[in-house]
Amino acid sequence: MTARDISLTVNGEIRRANVMPRMTLVDLLRDVLGLTGTHIGCEHGVCGACSILLDGVPVRSCLIFAVQADGHEVTTVEGLADGDGEIGDLQDAFWECHAMQCGYCTPGMLIAGHALLAENPAPDTGEIREAISGNLCRCTGYTQIVEAIALCAARRREGEG
Amino acid sequence: MSGHGANYRYVSRKRRTKEDRRFIAGKGRFAADIAVPGMKHVALVASPHPRANILSIDATRALESPGVHAVLTGDELAAETAPLFNGLDIPEVKWFPLAVGMSRYAGEWVAAVVADSRYLAEDAAELVEVDYEPLPAAVEIESLLEPDSPLVHPGHGSNVLVRKTFEWGPVEADFAKSERTLTYRARWGRSSTVPIETFGVVSRWDPIREILDVWASIQMPNYQEQIANSLGIPTNSIRVHNDVDVGGSYGVKRGIKHTVITAYLARKLGMPVRLIEDRLDNMSGGDAHGPDRLFDVTLAFDGDGTIRSMKLRAIDDVGAYPGRGPLQLGKPITALVGPYRLSSVAYEAISVTSNKTGQVPVRGFGQSPTNFMIETGIDLVARRLGIDRIELRRRNLIRSDEFPWRIPTGTEYDSGDYHAVLAKALALADYDALVARRDAARAAGRLAGIGIAACLEPGGGNNIFEQLLNEKLEITTFVESCLMRVDMHGHVTAVMSTTTSGQGHETLIATIAGEELERDPDTIRVTHADSLEALPTRSPVASRMAIVLGGATSEAARKIRAKMVRIAAHNLGVGEDRVEYQAGTFFVRGEPARKLEWNEIASIAHRQFHRLPPGAEPCLQEFSVLQVPGASGQLPNEKKEIQLYPCFSFQAHIPYVEIDPGTGKVEVLDYAIGHDCGTVINPDIVRGMIVGGLAHGVGAALYEKFAYDGDGQFLSGSFVDYLLPSSHEIPIVRDVEHCTPSPRTSLGQKGSGEGGYLGAPAAVASAVNDALAPLGISLSELPMRLCDIEAAIHEKRTERNG
């Protein structure tokens, strides 16, 4: 195996790395680029803890090789904040609703919620549950996560109105 | 909310948690996020056989693989370390982190490979050649009791690890007096809490300072003591970093064997070594399975539904390496008769070993299977007598005016109003409308059912039941501690001494300290001392932190406040009894102008010795090491009676389900729950614990099973085979609170970390059985998977058609 040079945009910054072809994208993000906000739960694409946005679409970064992300745009939880603020409005709604306990699935849940709201600014409860159904949470039973995403959507609509 | 006895400033009020902010920002610091310079990585070689002799291990090719530093085998590790801790007195059952001579379950770790990266370690692990001699395995639970069963630990001479019988109260007399008896069997399947974060640990040995640094995803009492015992180094040479965020545990994050592997390797190689389980390592080889239990029960009762007594035998299959697992047969003694007025109980507890993955403490420490067993019996008695299930419970529940109530085993329940909580849950569920909904669904040809479960959540962790199963465990001290400081600027810092895995301890401490000191909790800093700097702790198990850590926080804060009053009195020239404190100001009663502010007192304490009362210690720091409240501090008496946990929370669960008669698929469509955990410290945290525990219980009831085939082969090592409930499987849960403060705690708080899980399996099983009742089907084995329900329906139809 020969290492390859890749270049990708991560949270708005161009990042370059020299990686083995078998390295997963999540290992690149965590171990090479130091973005440990994205977590590993199962490494077989079920739990959703490693969810990131690839060109705006939520994907499992454990099922993608780093070399496949060459030339693409990646957003991780660290990139969800608005401007200089430490946290974005969806993150703030998660805090307000205590939509987590241990915090391990939280980055993946935020990615799933973020992708949903980008597409559907007024989701109902069923649509929210559908959107996060690919992300497992062992602490909360999901109720407060659903409430947080609904709260964020409502606040955005109020802000526009 | 209702029933709060006190008007709190911060306690019981909505408040954002302290912990969430770092998690939403992606700035948690979990074990796998710890990168120590020079760190090497472990991959594991696992046995594919349920039971096999290990004839040889050849690591030659693995050691030649690029980047490899070592291959560790069980023989080497066993020669250099002491066996891991067993809760029972079973000296011939030796547990080592890697198999020695024999592999005892499919997935057991046989060798550990250390390399520069996990990728290279995995490559080399595939090159380790192990020669096995496969043997027949001991698998089915009842067969483990037979003398001809293959022996898991031949030196022990039997697969029975402990067998104890107890009788509390006049069992035979109560049976003789009772008009009816009913005998039934209940089976709790093998599942676990399965956190999304697997176990991970990094160990680093500093030979100059002679300190072993450990960063781990741990939630376990006496962790450093167990490391020290195994490695043969002093406990004060081990520094466990308790500020590592733990990505879920619910009891199971107890990777002592992982820690011993990395610590041994770190010392041997002179390099930091990390082991992060992958999902298969975790599910098959992590020794983190939960109880696997068979109950045989006889209840004695009268025609009016009064239940007098219970005879109970529980067999628990703890797998190949028991560890602390078997003690989970002891904890349920705390609430062996549930919330009911039984006057006697007989209990036979049998722990057996098998060729399966080892057992670990799981949320509730054996109470959830026990509650399922009790509630299954209550439903069966109701059905037998033709009495409504709710009415039968009302007749047998302990009444609110009967507390404190002593159950036959000697434990006194502190407080409660079970009838009120049940009534609130029924009102929330809109029970009459729910019955109408069920009946309409049935009329339309669907299978529909309502579940009922009443459950107790013992909290506090007075674990003297351990001594009932192992007389050598003479441990009666179960403390938690808080150290509190007010600095020269008046800022408050509180120190806890263990890890957190989602329970919100920082918020708990800040809220209680804020309440006691009348300071804004957001301004209070909470830190996790490492184990060398820590005060005594038993770790966050047993729904005990609100009770014991909360109590220690209250005590430390009250000492701080008293000292500040003393300094104020001295400087205001009055007696202490004339000084009042209110929200940051100390003043002379009736003369509010004669006052000193919080920050002035803090400054005097730290900088102006000349203004301190004679004999006062300078500065402002106090601590409390609190024994679990309500404890006698004694061992059980000659009748084996003992006060165990001090606080008893209560819940009433009412789920509604419909079942597809074609596929057996259960849908939980509605779920109402009433709960009482005394004074709530943070409402969002309590609600999250209840709903989350409940979801975990739905999984145990319907989906989650560590399955083995008849030969002992493990069949569910991934999330494709072991199903965790997603947001599709868990309904939006509605909850209603009730508050009966505990007389035993600093603010009336009780435990709340386990209750959802302690009631949901029983409640969901009750709903499934209600739905299947029209078909004449009654199931008593968990999980009630789609395939199990479909098979039962099919069998019944075949029976009828045949």
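Lettering of chains follows the sequences in order, A, B, ..., and the numbering in each one begins at 1.
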Using non-hydrogen atoms only, which part of [X] is less than 4.5 Å away from chain B: side chain, backbone, both, or neither?
X       : value
A:Leu35 : neither
A:Glu43 : side chain
A:Thr76 : neither
A:Met23 : both

Can A:Asp92 and B:Arg21 be counted as an ion pair, charged N to O under 4.0 angstrom? no
Answer yes when B:Arg118 and A:Asp31 have at least one side-chain N-carboxylate O distance shorter than 4.0 Å, and no when they do not. no
For residues [X] and [Y], determine if any side-chain heavy atom of one lies less than 4.5 Å from a side-chain heavy atom of the other.
X        : Y        : value
A:Met100 : B:Ile24  : yes
A:Arg30  : B:Asp33  : yes
B:Arg687 : A:Thr143 : yes
A:Thr24  : B:Tyr119 : yes
B:Val691 : A:Thr140 : no

Tell me, for [X] versus chain A, whether the close heavy atoms (under 4.5 Å) come from the side chain, the backbone, both or neither.
X        : value
B:Met283 : neither
B:Val720 : both
B:Leu724 : both
B:Thr193 : backbone
B:Phe30  : side chain
B:Ile685 : both
B:Glu19  : neither

Keeping [X] on the side-chain end and [Y] on the backbone end, is there a donor-acceptor pair under 3.5 Å?
X        : Y        : answer
B:Lys14  : A:Glu96  : yes
A:Gln144 : B:Asp684 : yes
A:Gln101 : B:Gln503 : no
A:His44  : B:Ser718 : no
A:Trp95  : B:Lys18  : no

So which of [options] has the largest heavy-atom pair count under 4.5 angstrom toward chain B?
options                             : value
A:Pro107, A:Cys102, A:Gly141        : A:Cys102
A:Glu78, A:Met109, A:Met20, A:His39 : A:His39
A:Cys105, A:Gly37, A:Gly103         : A:Gly103

Report, in residue-number order, which members of residues 126-139 of chain A are under 4.5 Å from chain B by heavy-atom distance. A:Arg129, A:Glu130, A:Ile132, A:Ser133, A:Leu136, A:Arg138, A:Cys139
Report the option among B:Pro731, B:Gly756, B:Ser249, B:Ala35 that has the most heavy-atom pairs separated by less than 4.5 Å from atoms of chain A. B:Pro731
Report the option among B:Gly26, B:Ser727, B:Gly692, B:Ala695 that has the most heavy-atom pairs separated by less than 4.5 Å from atoms of chain A. B:Ser727
For A:Gly41 and B:Thr198, work out which heavy atoms get closest and say how close. O-CG2, 4.2 Å
Atom pair CG (B:Asn282) and SG (A:Cys42), whose distance is rounded to the nearest 0.5 Å: 11.0 Å
Distance-only side-chain donor-acceptor flag, B:Asp245 / A:Tyr104, under 3.5 Å: no
